[in-house]
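All of these numbers come straight from a predicted model, not from anything done at the bench.
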Amino acid sequence: QVQLVESGGGLVQPGGSLRLSCAASGSIFSISAMGWYRQAPGKQRELVAAITRGGSTNYVDNVKGRFTISRDNAKNTVYLQMNSLKPEDTAVYYCTAGSDYARTWGQGTQVTVSS
C-alpha cells in the first residue's frame, strides 16, 4: 500500500547535473529502505543507490563520487543528486521502497545524457 511518485528526470549534457525526487505515501511505516534503480535499453535493471532509515547508503561502483542519495524522513521523500553525468548514465530511473515483506516501485523517470 505504498505509493511512490518520481520527478526530476530530463535531458542534460555530459558533465551536467540532475536531481531526482521520490515522494512516498500510504503505509510508509513499513518502509525500511528506499533507493534508485535504473534500466537502460537492452540491459538488466540495476541498483544505483540505496539508503536506510538510519542513513546508511550504498552505491554501485560506477556512480560513486558522482551521485548522492539522501532522504528527508519528515517529508517521506528520497532524492538522488546526480553530478558529472555521463552518456552511460542514460536510463529510466525507478524509485523503490522496501520492507521485510514487500517492495514497491515508482513509475520511472527518463534521464538522458547527450550532447
With side chains defined as the heavy atoms from C-beta onward, is the minimum distance between Glu6 and Gln107 less than 4.5 Å?
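Contact flag for Glu6/Gln107 side chains = yes.
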Heavy-atom check, side chain of Pro87 versus side chain of Pro14, under 4.5 Å
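In short, these two side chains touch, coming nearer than 4.5 Å.
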Without swapping roles, check the side chain of [X] against the backbone of [Y] for a donor-acceptor pair under 3.5 Å.
X: Thr104; Y: Gly98; result: no
X: Ser27; Y: Ser30; result: no
X: Gln3; Y: Gln1; result: yes
X: Arg66; Y: Ser84; result: yes
X: Asp72; Y: Lys75; result: yes

Strictly by modelled atom types, are Asn83 and Ser17 linked by a side-chain donor-acceptor pair under 3.5 Å?
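Yes, side-chain donor-acceptor contact under 3.5 Å.
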Are there over 12 heavy-atom neighbours, none belonging to Glu88, within less than 6.0 Å of that residue's CD?
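Yes - once you tally the heavy atoms of other residues, nucleotides and ligands closer than 6.0 Å, there are more than 12.
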Just grab all the disulfide bond (SG atoms under 2.5 Å apart) pairs involving residues 14-115, residues at least two apart or on different chains.
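Found Cys22-Cys95.
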Sorted by first residue and then second, give each disulfide bond (SG atoms under 2.5 Å apart) pair with at least one member in residues 31-91; sequence neighbours left out.
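Counting only pairs at least two positions apart or across chains, no disulfide bond (SG atoms under 2.5 Å apart) contact touches residues 31-91.
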Apply side-chain contact (heavy atoms from CB on, under 4.5 Å) to the pair Val92 and Arg38, showing each step before the final yes or no.
CA-CA 5 Å; Val92 178; Arg38 66 186 179 188; over 6 Å; no
Evaluate the criterion side-chain contact (heavy atoms from CB on, under 4.5 Å) for residue pair Leu11 and Ser114; output intermediate values, then yes/no.
CA-CA 7 Å; Leu11 174 65; Ser114 176; 4.3 Å; yes
Report yes or no: is the cationic atom of Arg45 (NZ for Lys, CZ for Arg) closer than 6.0 Å to the six-membered ring centre of Tyr94, at no more than 45° off its axis?
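Cation-pi check for Arg45 and Tyr94: passes.
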List the steps, then state whether salt bridge (Lys or Arg N to Asp or Glu O under 4.0 Å) holds for Asp89 with Lys86.
CA-CA 5 Å; Asp89 295 318; Lys86 303 175 180 180; over 6 Å; no
List, by chain and then residue number, the residues other than Met82 in its hydrophobic cluster (Ile/Leu/Val/Met/Phe/Trp/Tyr, side-chain heavy atoms under 4.5 Å); write none if there are no others.
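The other cluster members (ILVMFWY side chains, heavy atoms under 4.5 Å, direct or chained) are Val2, Leu4, Val12, Leu18, Leu20, Ile28, Ile31, Met34, Trp36, Val48, Ile51, Tyr59, Val60, Val63, Phe67, Ile69, Val78, Leu80, Leu85, Tyr93, Val111, Val113.
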Looking only at heavy atoms, what is the nearest atom pair of Ala91 and Gln110, with distance?
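Closest heavy-atom pair between Ala91 and Gln110: O-NE2, 3.4 Å.
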